[in-house]
Amino acid sequence: MNRFEKELKEGNFVCGECPNCKNIVWPPSEYCSACLGGVIWRGASRSGTLIEYSRKNGEWFGMAEFEGKIRILGTIMSDNEPRVGQKLRLEKCGYDEGERFLFNVVGN
Amino acid sequence: MRRVGIVSAGQTKFTKDDSSIESLLVSSVKPLFDESKDLSQKDIDVVLTSTNSNQKYLANIVSELSGISPRIAHSVESLCNSGTNCIVSAFSYIASGLADVALVVGAEKTDSPGLVLDWDVSRGQYKHPIYWSSLFTSSHMRKYGTTLEDLAYVSAKNHVNGRANPFSYFDRSYSFEDVMASKKLTDNVRLLDCSMPCNGSASILLASEDVANKFKEKPVWITGIGQKSISAGFTKNSDLSSMQSTSIAASDAFSMARCSPREIDVAEVHDAFSICEIMALEDLGLAERGRGAKIVRDLYETGSRKVNPRGGLIGTGHPLGATGIAQTIEAYRQICGESGKRQIDGARTALVHNMSAAATSSTVMVLRS
């Protein structure tokens, strides 16, 4: 289990950032994908934007982007149909036989 | 660089019968030898296997079971486009002069570990391919007005084509109405919009221009190859309404072949899901942006087999490691005039498009008589 998954298990959403080139490394890795230097792990912003969405069995799911770089798929908690470009908040994340992300709609 | 030709092929029917991966692999080598009377095991320099199986040393096992002692033997794995990656590797050995004759053997089982990319943490709990397919569909619908009916025409067309393919998994056809009424997996992906994992095997024989005529009077030449990997993770796709890796691979393949999309007589495209065929036609340059669905509907209504005459992945089944090879065999047979009921009159130039993991990588090949 890597650092990202360990933190996720504790409910923490983290990312690696390269101290040399300031690259946010995504997908998570111990090495910067730009310069291959070591990364520093830090908490990632939980404020994101909806990129695309669909629905399965009445439950919305979609792709959200954080810090202009980190894109993840998660469940969207909303009774109404979401909108591309809508602001979301990563309400909950965890690791239960795999990664899990839960988004809340926070505005228009 | 030496020219490389396709000179023989063999396939098994796609099934869900219980069989070992080793047995599946060898089962398509037999018909390949059967149709090449002048081929001896001693002629083969290279044996490459294409599969996502976790079994080890398969190229050497297949070689031993087939009585071949090649100089080079190894496996190639790249999820759904393992098959064409394997063909490109064999092509490279021959074109460079390291080998003269290469046997490429692909196979997969229904429960392949290649069906889901567990590594991709960015997919969260939505790791199954139906989710990326659904997001591609949402995006294409929003941008171009694509409808559920448009998607159903892809599946219905390919199931019609698949009925003329004796190697297809399906023993019945599915109509437009069947697709529309099939179980909803998401709001925009139905069961019959999906290709089905199954068991299957396909083999193809490549030879250098120096020896190709020994095995086939008129070999089919691989004249263009393009490959592109933009990432492994689905969420790195910048635009979900198109497949960037396919566009780049197609451009490279056409450039190498010195031809244009207009010259393509028949195309085998990677319809893992209905939306993929519509997007692929646009990304390959076989349709203008936003016109892929219209082309598919025209093909369906006129009964044209120009795109996916084999039945595609949807109409025949999708044994991952065999798929790209089976696609290439169809292109080869079409150019040789050996496609029977599926034959497209006068087919001289064919395109093969094979991709992996939400189009994060693509392979495109151009074949000519």
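Letters go in sequence order (proteins before strands), and every chain restarts at 1.
The neighbour count for K236(B) NZ, taken as heavy atoms of other residues, nucleotides or ligands under 6.0 Å away, is above 12. Around NZ of K69(A), the count of heavy atoms belonging to other residues, nucleotides or ligands within 6.0 Å exceeds 12. At most 12 non-hydrogen atoms from other residues, nucleotides or ligands lie less than 6.0 angstrom from CG of D79(A).
Using a 4.5 Å cut-off between heavy atoms, E65(A) does not touch chain B at all. Neither the backbone nor the side chain of W132(B) comes within less than 4.5 Å of any heavy atom of chain A. Contact of Y95(A) with chain B is not made at all, since no heavy-atom distance falls under 4.5 Å. Looking at S238(B), only its backbone comes within 4.5 Å of chain A, counting heavy atoms on both sides.
The shortest distance between side-chain heavy atoms of T235(B) and I72(A) does not fall below 4.5 Å. Using a 4.5 Å heavy-atom threshold, the side chains of P28(A) and V121(B) count as touching.
Contact between E59(A) and Y126(B) at its shortest, heavy atoms only, is OE1-OH, 3.6 Å. Residues I130(B) and K56(A) come closest through the heavy atom pair CD1-NZ, 4.5 Å. The shortest non-hydrogen separation linking W119(B) to P27(A) is CH2-CG, 3.5 Å. Contact detail for G62(A) and L135(B): the closest heavy-atom pair is CA-CD2, 4.4 Å.
Here OG of S122(B) is found 8.5 Å from CD of E99(A). Values are rounded to the nearest 0.5 Å. For the atom pair CD1 of I51(A) and CG of N237(B), the computed distance is 12.5 Å after rounding to the nearest 0.5 Å. Distance check: R71(A) CZ to R123(B) CZ gives 14.5 Å after rounding to the nearest 0.5 Å. In this structure, the separation between CG on D239(B) and CD on E52(A) is 10.0 Å, given to the nearest 0.5 Å.
The aromatic rings of Y131(B) and F61(A) sit perpendicular, their planes meeting at an angle over 60°, well past the 30° parallel limit.
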